[in-house]
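Shown next, in structure tokens, is the structure this report addresses.
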Number of protein chains: 2
Amino acid sequence: EKANGKRTPPPVVHYKMNNVTSTADPVGNRETVLILTPLARFYQDYWDNLLKLTFPHELITLAFIIPKNREGNSATAALQEQITKTQKLGPEKNRFASIIIERQDFDPPLSSQSEAERHKMENQKARRAAMSKARNSLLFTTLGPSTSWVLWLDSDIVETPPTLIQDLASHNKEIIVPNCFQRFIDTKTKKWDERAYDFNSWQDSEEALKLGAEMGPDDILLEGYAGMATYRTLMAYMYKEGADIRQTVPLDGVGGTALLVKAEVHRDGAMFPPFSFYHLIETEGFAKMAKRLGWRATGLPNYKVYHYNE
Amino acid sequence: EKANGKRTPPPVVHYKMNNVTSTADPVGNRETVLILTPLARFYQDYWDNLLKLTFPHELITLAFIIPKNREGNSATAALQEQITKTQKLGPEKNRFASIIIERQDFDPPLSSQSEAERHKMENQKARRAAMSKARNSLLFTTLGPSTSWVLWLDSDIVETPPTLIQDLASHNKEIIVPNCFQRFIDTKTKKWDERAYDFNSWQDSEEALKLGAEMGPDDILLEGYAGMATYRTLMAYMYKEGADIRQTVPLDGVGGTALLVKAEVHRDGAMFPPFSFYHLIETEGFAKMAKRLGWRATGLPNYKVYHYNE
Ligand SMILES: Nc1nc2c(ncn2[C@@H]2O[C@H](COP(=O)(O)OP(=O)(O)O)[C@@H](O)[C@H]2O)c(=O)[nH]1
Ligand SMILES: Nc1nc2c(ncn2[C@@H]2O[C@H](COP(=O)(O)OP(=O)(O)O)[C@@H](O)[C@H]2O)c(=O)[nH]1
Ligand SMILES: [Mn+2]
Ligand SMILES: [Mn+2]
């Protein structure tokens with residue numbers, strides 16, 4: 001509104017979506033990246049790692065969705081503090097194109113966010129349905145007509161190569177996912193070691209499909225639980241020390257801790273099913289839905305990112 | 001960018017999504033409406049009807065997705081001409097909050113847009129898959145965190161009550177659809193008459209579910225074709241002259257010619273499946289997907305809107 005109270009003629013914005021590319025050279029082609037992070041807890045290492053990404057920050061928009069509860073309030077405050085430092089006080093080259101923070105309009109279904117509690121099998125369906133809705137909310141309200149890429153990055157991913165975006169995009173795949181590991185101190189040797197963390201990136205098996213076929217329509221298959229042997233080929237176990245980091249494998253399910261997606265895959269309608277979709281849910285259901293839309297998922301077994309360790 | 005070449009500290013935008021309401025009194029509560037129109041052809045009567053809507057225009061954003069072909073080019077030109085008239089030259093109260101025009105990055109699957117060609121059964125699946133992707137593209141890139149309502153309005157809806165938005169919203173339903181009719185001149189009596197147009201709003205039947213169960217996983221059920229008797233209860237035939245326009249009926253499938261949706265339904269992830277989803281596609285699949293998300297669809301059999309007649 002103008003000072004004289006007159007409404008100015010509102011702008012008409014035109015977008016030619018066929019001019020929006022997502023190529024193997026996103027820096028050279030000045031392609032925009034939307035980094036989407038559902039965030040229940042703030043980790044300083046996440047932010048520090050984000051800042052170190054060498055992809056031009058002026059091509060990056062950050063968007064967060066944070067639960068509207070006490071833990072979410074303190075996470076928002078901590079995040080806001082870092083944002084102010086980076087965007088106002090820090091060096092210009094570190095500043096991102098824009099930042100969006102959304103406070104979620106529903107409660108997370110678990111009161112405890114401890115790793116043990118989160119991973120209990122009986123808690124998984126409700127938890128992952130809630131996570132799916134959070135991801136969808138964030139996606140549907142921040143994706144733009146001129147976004148080239150969407151990078152899903154969990155708030156507890158504390159270490160990645162600084163060239164993460166360029167490296168993933170260089171494969172020019174529709175959906176591509178690195179291998180998510182976790183560092184820990186071996187209690188016997190007292191030395192740092194690492195182990196696979198994310199079991200949601202896999203190649204399907206006859207056994208899993210058969211298990212699904214025998215389930216009720218609302219039941220979901222879960223990976224990494226003793227009571228449910230799927231015999232899927234897990235990317236977590238395909239990692240080979242010293243092997244080619246550019247090795248690719250086709251995947252049927254993907255995890256979302258770090259996940260690069262061409263924006264057109266989402267624009268076609270690929271979202272995170274909060275319900276049983278072919279007995280899959282959330283990021284695993286997303287991979288299946290993308291497949292139904294004619295897109296394929298790719299994994300990088302030897303390219304690692306690291307999850308926080310409680 | 002500033003004149004001195006310095007990038008200004010980019011803004012952080014905060015959204016409290018729990019403060020976004022969608023109530024029976026959207027005018028009183030200053031709720032925003034996003035009107036979404038996939039547009040293959042421009043009809044002057046569509047625009048004139050839109051202008052006559054009494055819902056405060058400053059709360060309305062319009063967004064269009066238009067194919068990138070010759071017919072789309074002329075539709076864009078005609079639309080742009082009317083937009084300039086309304087937004088720059090017309091009375092202030094007619095001006096909309098903002099307008100977005102997207103040119104589609106894929107070709108429509110049919111070369112002819114004639115009503116006869118569009119409605120051929122063998123053309124329906126590819127056509128409605130393409131329409132679904134157009135709707136999803138438009139939805140995913142224009143829905144915002146502070147949108148309260150989405151009104152889907154086809155570009156060939158040429159007549160509605162001017163209070164359309166208030167009337168539909170007043171029922172405070174998650175998904176609500178009026179009855180879509182078409183005016184025509186009876187060749188015998190040479191007089192204007194009207195008939196049902198949209199058969200996608202229906203209540204399910206045992207027979208349709210059985211047909212679906214016997215189909216291949218990619219096959220879809222279609223309504224209004226002689227070769228496929230579904231025995232569904234069609235809202236098109238529930239209309240009773242002189243009956244209460246506020247009468248509501250529960251629906252399992254909905255049409256999209258005019259369709260009001262609470263934005264949170266879409267934000268949860270409800271989109272238009274471009275693939276067979278429980279043997280349904282596009283707007284009918286949307287109703288089913290919304291149901292899987294816990295939302296319900298409602299029809300207004302005696303509240304009419306009118307489709308253009310070629
Ligand atoms: N907005 C939102 N984010 C959540 C919620 N629960 C978890 N998250 C975030 O979603 C991501 C994945 O959740 P997490 O609990 O780490 O999953 P896990 O590592 O697979 O056990 C992380 O970035 C969390 O911070 C929630 O209820 N709402
Ligand atoms: N963007 C876009 N819009 C389309 C396309 N085909 C049809 N439309 C629009 O989508 C709506 C529904 O299509 P229409 O052909 O009228 O469907 P029908 O009335 O059910 O036969 C109308 O607003 C059309 O202008 C397409 O390929 N791309
Ligand atoms: Mn995690
Ligand atoms: Mn039509």
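None of these values were measured; they are calculated from a predicted model. Every chain is numbered from 1 and lettered A, B, ... according to where its sequence line falls, protein lines coming before strand lines.
Under the 6.0 Å cut-off for aromatic ring centres, B/W152 and B/F272 qualify, their centroids lying closer than that.
No hydrogens or angles considered: a donor-acceptor pair under 3.5 Å links the side chains of B/N73 and B/R103. A donor atom on one side chain and an acceptor atom on the other are found under 3.5 Å apart for B/T23 and B/N29.
For a residue to count as touching a neighbouring chain, one of its non-hydrogen atoms must lie under 4.5 Å from one of that chain's; by this rule B/I100 touches chain A with backbone and side chain alike. In this structure, the portions of B/S276 lying under 4.5 Å from any heavy atom of chain A include both its backbone and its side chain. When heavy atoms are compared at a cutoff of 4.5 Å, B/F277 approaches chain A solely by way of its side chain, counted from C-beta outward. With a threshold of 4.5 angstrom between heavy atoms, A/L139 approaches chain B through its backbone and through its side chain.
Taking A/S74 as the reference, nothing meets the side chain to side chain donor-acceptor pair (under 3.5 Å) condition, with sequence neighbours excluded.
Of the inter-residue distances, the one linking A/T37 atom OG1 with A/L151 atom CG reads 7.5 Å to the nearest 0.5 angstrom.
In terms of non-hydrogen atom pairs under 4.5 Å with chain A, the most contact-rich of B/S146, B/G144, B/P145 is B/P145. Contacts with chain A were tallied for B/M271, B/H266, B/H14; B/H14 has the most, counting heavy-atom pairs under 4.5 Å. The choice from A/E102, A/Q80, A/K16 that makes the most heavy-atom pairs within less than 4.5 Å of chain B is A/E102. Note on B/T141, B/T86, B/T76, B/N136: by heavy-atom pairs under 4.5 Å with chain A, the leading option is B/T141. Contacts with chain A were tallied for B/L138, B/L89, B/I83, B/I101; B/I101 has the most, counting heavy-atom pairs under 4.5 Å.
Counting heavy atoms from C-beta on, the side chains of B/L53 and B/I35 come closer than 4.5 Å.
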Show which side-chain atoms of residues 209-219 of chain A pair as donor or acceptor with protein atoms under 3.5 Å away, not counting sequence neighbours.
{"residue": "A/D218", "atom": "OD1", "partner": "B/R292", "partner atom": "NH1", "Å": "3.3"}
{"residue": "A/D218", "atom": "OD1", "partner": "B/R292", "partner atom": "NH2", "Å": "3.3"}
{"residue": "A/D219", "atom": "OD2", "partner": "A/G216", "partner atom": "N", "Å": "3.1"}

